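So the structure is just underneath, and the comments pick up after that.
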Amino acid sequence: MELKQILSSSVLARLTLSQRVAVLTGAGVSAESGVATFRDPNGLWSRFRPEELASMDGFLSNPERVWQWYQHRRHVLDHVEPNPAHRALAQLEALVPEFTLITQNVDRLHQRAGSRNVLELHGNLEENHCSRCGAPYEDEINDDQPPRCPACGGLIRPSVVWFGELLPADVLLHAERVARCAEVFLVVGTSAEVYPAAALPRIAWESGATLIEVNPSPTPLSEIAHATIREKAGIALPALVQLIAQLRTTDGME
Ligand code: OAD
């Protein structure tokens with residue numbers, strides 16, 4: 001894809017010279033790995049009810065159903081790999097002096113692709129903790145039912161953020177600071193409908209960042225973005241990162 005024709009000269013200049021680059025990713029970045037998104041026509045929330053599967057009330061009313069759904073999602077991850085979009089973002093980290101990857105995804109595919117500075121806004125599927133006392137749980141689990149906490153007897157749950165719950169405060173504060181300081185803010189594969197994650201690109205934009213969206217479909221952010229790349233992440237990001245590498249070796253960074 002010919003990105004130089006899509007991007008304005010001021011966007012290209014920012015891509016060449018910026019010291020601080022941040023990225024917000026959503027489920028779309030993992031779509032080409034075979035991980036379902038949430039709000040696309042065939043997405044998880046078209047087939048399942050979030051209030052039953054992704055809320056504390058849903059968990060308490062049927063712990064086995066919720067546990068089994070998350071075990072299923074974990075098993076899906078055993079059979080998928082990071083795709084070219086994840087790998088391009090890991091490469092981008094090496095090109096930029098200060099780089100932060102903020103993700104809403106719980107699949108850990110960014111880390112598997114080699115990204116290091118990752119902020120997980122919505123937790124992750126690898127870990128579990130007690131729903132009552134909050135203690136981390138690292139013992140054996142099975143697919144059928146959630147174990148009990150050895151300390152307090154509470155039900156063990158996956159360490160993901162559910163609807164109605166607060167995001168981890170330290171992670172969110174860090175992400176907001178990154179958004180305020182970013183010179184380039186890239187938004188990839190998110191419908192930008194879930195807050196507070198969706199506020200981060202707006203914070204960056206209000207603070208003067210160049211906002212670039214990568215998404216095959218329009219989102220509420222499209223109208224304020226300085227550039228929109230209407231393409232799948234697995235195609236757009238390798239091209240974008242290759243362009244940034246070229247810009248920085250030829251005209252940039254004396
Ligand atoms: P959504 O399912 O809401 O949005 C996925 C976005 O990815 C859409 O805008 C698609 O157009 C776009 N997309 C699809 N395929 C793509 C591709 N190949 N390349 C690039 N973009 C593509 O997912 P999120 O925005 O991540 O929260 O959803 C946010 C949160 O809502 C999730 O973290 C989850 C969910 O409920 C929790 O579980 C707490």
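Reckoned from all heavy atoms, side chains included, excluding hydrogens, waters and symmetry mates. Keep in mind the model is a prediction, meaning the values are calculated, not measured.
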Distance in Å, Tyr137 OH paired with Cys149 SG, rounded so as to fall on 0.5 Å steps: 9.0 Å
Closest non-hydrogen atom pair between Cys181 and Arg20, with its separation: O-NE, 2.8 Å
Whether over 12 other heavy atoms sit under 6.0 Å from Glu2 CD: yes
Arg112/Glu126 ion pair, N-O < 4.0 Å: no
Under-4.0 Å salt bridge between Glu120 and Arg108: yes
Exercise: identify the closest heavy-atom pair between Ala236 and Val214: CB-CG1, 3.6 Å
Interatomic spacing from OH in Tyr70 to CG in Leu53 - rounded to 0.5 Å: 7.0 Å
Pair Glu213, Thr219: side-chain N/O donor-acceptor within cut-off below 3.5 Å: yes
For residues 184-196, which side-chain donor-acceptor pairs fall under 3.5 Å, sequence neighbours excluded?
unit_1: Thr190; atom_1: OG1; unit_2: Gln104; atom_2: NE2; d: 3.0
unit_1: Thr190; atom_1: OG1; unit_2: Ala192; atom_2: N; d: 3.1

In one Ile/Leu/Val/Met/Phe/Trp/Tyr side-chain cluster, 4.5 Å: Val161, Trp45: no
Spacing of CG belonging to Leu243 relative to CG belonging to Leu237, to within rounding of 0.5 Å: 12.0 Å
Pairwise side-chain contact, Leu121 with Leu200, heavy-atom cut-off 4.5 Å (strictly under): yes
Hydrophobic cluster identity match, Leu15 and Leu101, side-chain contacts under 4.5 Å: yes
Cation over ring face, Arg157 and Trp162, 6.0 Å, 45°: yes
Sub-4.5 Å side-chain heavy-atom contact between Leu7 and Leu240: yes
Rounded distance (nearest 0.5 Å) linking atom CG of Leu155 with atom CZ of Arg148: 4.0 Å
Donor-acceptor pair, side chain of Glu183 and main chain of Gln19, under 3.5 angstrom: yes
Distance in Å, Leu3 CG paired with Gln246 CD, rounded so as to fall on 0.5 Å steps: 10.0 Å
Exceeds 12 heavy-atom contacts within 6.0 angstrom, atom CZ of Arg47: yes
Listing, residues 226-233 side-chain donor-acceptor contacts under 3.5 Å, not counting sequence neighbours, or none:
unit_1: His226; atom_1: ND1; unit_2: Leu211; atom_2: N; d: 2.8
unit_1: Arg230; atom_1: NH1; unit_2: Asn215; atom_2: O; d: 2.9
unit_1: Arg230; atom_1: NH1; unit_2: Ser217; atom_2: O; d: 3.3
unit_1: Arg230; atom_1: NH2; unit_2: Ser222; atom_2: OG; d: 3.1

Asn62 vs Glu64 side-chain heavy atoms within contact, under 4.5 Å: yes
side-chain contact (heavy atoms from CB on, under 4.5 Å) assessment of Trp69 paired with Arg65: CA-CA 6 Å; Trp69 190 66; Arg65 177 175 58 194; 5.8 Å; no
Under 3.5 Å, which donor-acceptor pairs do the side chains of residues 85-93 form with other protein atoms, sequence neighbours left out?
unit_1: His86; atom_1: ND1; unit_2: Asn83; atom_2: N; d: 3.0
unit_1: His86; atom_1: NE2; unit_2: Ser30; atom_2: OG; d: 3.1
unit_1: Arg87; atom_1: NH1; unit_2: Pro82; atom_2: O; d: 3.0
unit_1: Glu93; atom_1: OE1; unit_2: Arg116; atom_2: N; d: 2.9
unit_1: Glu93; atom_1: OE2; unit_2: Asn117; atom_2: N; d: 2.9

Side-chain donor or acceptor of Ser33 paired with backbone N/O of Glu81 under 3.5 Å: yes
Polar side chain donor-acceptor pair, His75 to Asp143, under 3.5 angstrom: yes
Note, Ile156 side chain near Ile141 side chain (heavy atom, < 4.5 Å): no
Under 3.5 Å donor-acceptor, Arg180 side chain and Ile203 backbone: no
Heavy-atom closest contact (Glu52 atom, Val66 atom, distance): O-CG2, 3.3 Å
Nearest-0.5 Å distance, OG1 of residue Thr37 to CG of residue Asn42: 8.0 Å
Residue pair Asn142 / Trp67: nearest heavy atoms and the distance that separates them: O-NE1, 2.8 Å
Non-hydrogen side-chain atoms of Leu77 and Leu125 separated by less than 4.5 Å: yes
Heavy-atom check, side chain of Gln68 versus side chain of Pro63, under 4.5 Å: no
